[in-house]
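First comes the structure, then the notes that go with it.
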Amino acid sequence: MHNTYYSWGNFPPASQQIYPLRWRNKQLALPEPSLTVLPFGLGRSYGDVCLNDGGALLLTRELNRFIHFDNDNGLLRCEAGVSLAEILALGVPQGWFLPVTPGTQFVTVGGAIANDVHGKNHHCAGTFGRHVVQFELLRSDGERLLCSPTSNEQYYAATIGGLGLTGLITWAEIQLKRIYHRAMQMEAIKFANLEEFFEVSAQSDQYYDYTMAWVDCNSSGTELGRGIFFRGNHVKEEEIPKQWQLPLLNRLPPGLRTMPIHLPNFALNRWTVAAFNSFYYKRQKSKNINQLVDYEPFFYPLDAILEWKRLYGKRGFLQYQFVVPYTDHRVITEILQTIAQSGLSSFLAVLKTFGDLVSPGILSFPRPGVTLALDFPIKGAHTFELLERLDNMVSEAQGVVYPCKDARLSAHHFQIYYPQWHELAKYLDPRFSSSFWRRVTAK
Amino acid sequence: MRKMLIIGATSAIAQATAKLFAQQGDALFLVGRDADKLEAIAADLKVRGAAKVVYITLDLNEFAQHADLIEQAYTRLEGLDTVLIAHGVLDNQITGQQDYAKAEQTLRTNFLSVVSLLTLIANRLEKQHYGCIAVISSVAGDRGRQSNYIYGSAKGALSIFLQGLRNRLHSANVCVLTIKPGFVDTPMTVDFKKGLLWAKPETIAQGIYRAIQKRKNTVYLPWFWWFIMFIIRNIPEFIFKRMKL
Ligand SMILES: Cc1cc2nc3c(=O)[nH]c(=O)nc-3n(C[C@H](O)[C@H](O)[C@H](O)COP(=O)(O)OP(=O)(O)OC[C@H]3O[C@@H](n4cnc5c(N)ncnc54)[C@H](O)[C@@H]3O)c2cc1C
Ligand SMILES: NC(=O)c1ccc[n+]([C@@H]2O[C@H](COP(=O)([O-])OP(=O)(O)OC[C@H]3O[C@@H](n4cnc5c(N)ncnc54)[C@H](OP(=O)(O)O)[C@@H]3O)[C@@H](O)[C@H]2O)c1
């Protein structure tokens with residue numbers, strides 16, 4: 001069956017055959033040899049790492065069974081199509097949380113491994129891949145490789161962050177993290193500029209497991225780089241307020257669900273975005289908000305508006321995320337200036353410092369430095385030109401761009417960012433390919 | 001805690017339903033014909049909280065084995081109070097039209113095997129004076145249409161059988177639930193073009209779970225199929241026979 005599947009950014013469109021997978025222990029049904037295949041989880045990648053135009057997609061979402069859960073040690077083995085939301089639904093009531101989670105819980109374990117995703121705790125936990133104890137890789141010739149840091153190590157390193165190109169991950173074993181309650185102790189702090197951001201960030205990373213900031217990318221001049229810094233911890237055993245202690249972990253005390261700040265739903269043009277940005281920033285009157293919130297709004301504010309991307313309309317949007325080594329904030333300042341001047345402003349800009357815990361994947365994106373993620377509604381050639389300009393700035397600063405968010409990177413820039421792509425190429429499955437890979441490895 | 005027998009446990013709808021009962025800590029006995037699939041399902045249900053999961057493999061067209069199957073379920077679960085029958089095949093209508101042997105196969109799997117199983121199950125539940133029998137029939141059994149009347153007649157016969165059984169077992173305090181799903185996106189229907197009327201197995205499972213809890217008689221799933229079938233059933237035959245359905 002032919003079908004149009006989109007990634008999260010609604011761009012680019014791609015047409016491919018669809019193969020739903022249902023059983024991890026059965027042979028892989030493949031299309032005719034002329035067609036390549038690519039695993040597709042929940043399609044939460046923004047660009048085309050999860051698309052395979054003219055080929056076939058292996059839909060993994062029905063591979064959503066748990067296999068084993070060692071409740072004493074938090075070791076979970078599950079099929080690769082299980083979503084992080086499903087893991088939380090199982091784990092949280094028993095006191096176990098994801099070791100690392102991206103900004104949405106609607107991603108699959110396979111997708112989280114293949115993009116080696118990161119979360120707000122990168123500075124103390126590293127990437128998702130670091131917590132993957134082992135997994136099974138099914139190759140198109142039927143071979144099944146058990147991969148871990150000590151078995152088929154090369155395939156382990158190639159598949160983590162391997163963009164689905166080394167074969168199908170059928171199941172994985174993940175080390176979960178102990179928690180005592182579903183609530184989070186969280187603080188929101190206003191900062192006036194980038195200098196302040198780096199100050200707060202440096203203080204916070206030591207004491208808070210989760211940190212990130214929202215940055216206003218419409219302001220310029222002295223207000224450039226103003227924003228709100230969020231930091232938080234899972235509540236500790238002794239901090240759980242009395243009235244919450246009884247029904248334990250999974251009961252939501254009244255009022256806990258709301259976030260202090262909500263995202264509005266209005267159409268996005270330059271003016272509304274600007275209005276939104278200053279609204280968002282001004283809304284927070286005091287310098288500091290400190291309160292308990294449930295983990296869901298804390299980690300997944302956007303999941304509450306499931307289809308928020310529709311705000312961007314049919315044309316779709318691009319996301320651009322990069323990391324640059326942290327020496328000073330000159331590069332970030334210049335990039336923010338470039339964006340503010342372009343008027344192609346983005347809705348969300350998220351700023352965070354990455355720690356120095358090594359990512360296990362050959363092609364993993366996270367590395368020590370500062371990362372910024374921005375959305376751009378597609379407004380024709382202007383948008384693409386701007387991002388090309390940003391690529392020049394990022395590559396000059398020895399930074400890299402995140403493939404999982406990308407839909408337009410040139411082969412030239414990709415190969416500057418990831419010279420190790422040749423190394424990954426050795427472990428690719430000959431039947432697997434993606435729209436992204438064909439684009440960025442083109443001569 | 002329920003002691004539940006699920007026949008045709010590898011069906012997509014049955015799997016989704018089993019998850020809901022597992023989360024309640026019920027004990028489950030699964031029957032299917034593929035051990036690899038059953039192994040994967042059983043492990044999942046255990047993690048989700050089932051008190052116990054046991055499975056056996058059996059081709060349900062081996063009627064001679066049915067008595068043993070029911071016996072084993074009783075022994076392994078130490079009793080039985082809930083049964084879900086979900087197996088079925090949707091064979092090609094044209095092939096069945098041309099070859100009676102094929103049509104007979106459809107009738108055996110979708111109707112006769114269920115009758116054989118229900119005869120054994122009903123007699124035991126009737127004696128013990130409690131229990132619930134849920135069987136997946138189909139909206140296709142509500143009226144014969146040229147595009148799938150062989151499958152439809154098997155399901156239609158099944159629905160009537162269940163009606164009679166419900167009537168009989170009512171006084172024994174045993175409920176009989178007829179489940180009539182509309183279009184569901186499962187392996188049975190992979191080759192169909194999906195549209196607005198299509199539901200996910202998880203949605204159907206929720207409906208089955210609730211109907212069993214509430215000891216309902218017949219449910220259309222999702223609910224709007226009740227409405228669609230009401231109309232379909234009431235089109236006069238002289239018009240209906242001219243329609244391309
Ligand atoms: C609102 C939002 C917030 C986000 N926040 C973050 C964030 O904070 N940090 C971050 O790192 N990312 C973030 N992301 C991106 C998201 O975490 C990744 O794109 C993730 O990989 C998506 O998983 P998926 O299951 O949807 O996979 P898909 O997008 O469907 O696929 C992603 C890749 O995984 C491969 N793949 C999927 N399953 C398998 C398998 N079984 N075997 C082998 N390969 C497989 C695919 O081929 C593809 O290359 C965010 C996305 C959204 C929409
Ligand atoms: N999908 C729909 O649109 C729809 C609509 C109305 C009603 N229904 C009914 O819903 C029920 C479940 O179907 P489904 O949609 O979940 O499809 P499914 O996943 O294909 O399930 C059908 C199941 O029946 C099993 N089965 C068939 N013949 C068998 C035999 N001889 N012995 C043992 N098992 C046998 C199959 O086993 P294997 O896994 O080993 O093949 C499979 O698990 C069926 O009764 C079907 O008629 C479906």
Side-chain angles (χ1 to χ4, degrees), chain A residues 1-5 17-29 31 42 56-83 85-94 96 109 136 138 144 170-174 176 250, chain B residues 6 8-25 28 30 32-53 55 57 86-87 183-196 198-206:
Chain A
M1 216 185 342
H2 250 274
N3 231 317
T4 306
Y5 265 69
Q17 285 186 27
I18 297 305
Y19 283 74
L21 307 178
R22 293 179 187 271
W23 306 100
R24 69 172 179 273
N25 41 21
K26 296 280 179 201
Q27 229 181 318
L28 202 55
L42 273 160
L57 292 181
L58 307 173
L59 307 187
T60 66
R61 193 47 192 125
E62 299 297 324
L63 296 175
N64 57 8
R65 300 180 194 88
F66 294 116
I67 301 172
H68 186 73
F69 185 32
D70 172 354
N71 186 11
D72 294 330
N73 300 302
L75 209 55
L76 175 72
R77 189 183 294 194
C78 64
E79 293 181 350
V82 167
S83 72
E86 286 161 341
I87 294 180
L88 290 168
L90 176 81
V92 169
Q94 305 184 55
W96 293 104
V109 167
E136 181 185 79
L138 175 56
R144 288 174 190 263
T170 54
W171 60 262
E173 190 167 79
I174 303 156
L176 302 182
N250 210 22
Chain B
I6 304 181
T10 55
S11 116
I13 297 175
Q15 283 185 68
T17 312
K19 285 182 182 178
L20 301 176
F21 285 100
Q23 273 157 21
Q24 300 304 313
L28 307 170
L30 315 178
R33 58 183 167 183
D34 187 319
D36 288 344
K37 295 181 181 177
L38 288 166
E39 175 60 41
I41 295 167
D44 174 66
L45 297 174
K46 268 182 229 157
V47 174
R48 286 176 194 272
K52 181 178 197 172
V53 187
Y55 67 84
T57 51
H87 68 285
F183 299 143
V184 194
D185 187 0
T186 70
M188 188 175 270
T189 54
V190 265
D191 297 329
F192 291 58
K193 219 175 143 46
K194 312 288 188 301
L196 269 183
W198 287 78
K200 289 270 160 215
E202 289 74 23
T203 313
I204 306 300
Q206 289 284 354

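We name chains A, B, ... by the order of the sequence lines, and we start the count at 1 in each one.
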*What's the verdict on side-chain contact (heavy atoms from CB on, under 4.5 Å) for B:K19 and A:N64, showing C-alpha distance, side-chain angles and the deciding distance?*
CA-CA 11 Å; B:K19 285 182 182 178; A:N64 57 8; 3.4 Å; yes
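Of the two parts of B:L45, neither the backbone nor the side chain holds a non-hydrogen atom closer than 4.5 Å to a non-hydrogen atom of chain A. With a threshold of 4.5 angstrom between heavy atoms, A:N71 does not approach chain B through any atom at all. Neither the backbone nor the side chain of B:P201 has a heavy atom closer than 4.5 Å to any heavy atom of chain A. For B:K46, no part lies under 4.5 angstrom from a heavy atom of chain A.
Ion pair A:R24/B:D36 not flagged as a salt bridge, since none of the NZ, NE, NH1 or NH2 atoms sits closer than 4.0 Å to an Asp/Glu carboxylate oxygen.
Nearest approach of A:R65 to B:A40, heavy atoms of both residues: CD-O, 3.7 Å. Closest approach of A:P20 and B:V190 over heavy atoms only: CG-CG1, 4.4 Å.
Note that the CG atom of A:L90 and the CZ atom of B:R48 stand 7.5 Å from one another [nearest 0.5 Å]. The CD atom of B:Q15 lies 8.5 Å from the CZ atom of A:R22; values are rounded to the nearest 0.5 Å.
Heavy-atom pairs under 4.5 Å with chain B were tallied for A:E79, A:E62, A:K26, A:H68; the largest tally goes to A:K26. With chain A as partner, the option from B:D34, B:V47, B:I41, B:D44 having the largest number of non-hydrogen pairs under 4.5 angstrom is B:D44.
Within 6.0 Å of the NZ atom in B:K52, the count of heavy atoms belonging to other residues, nucleotides or ligands exceeds 12.
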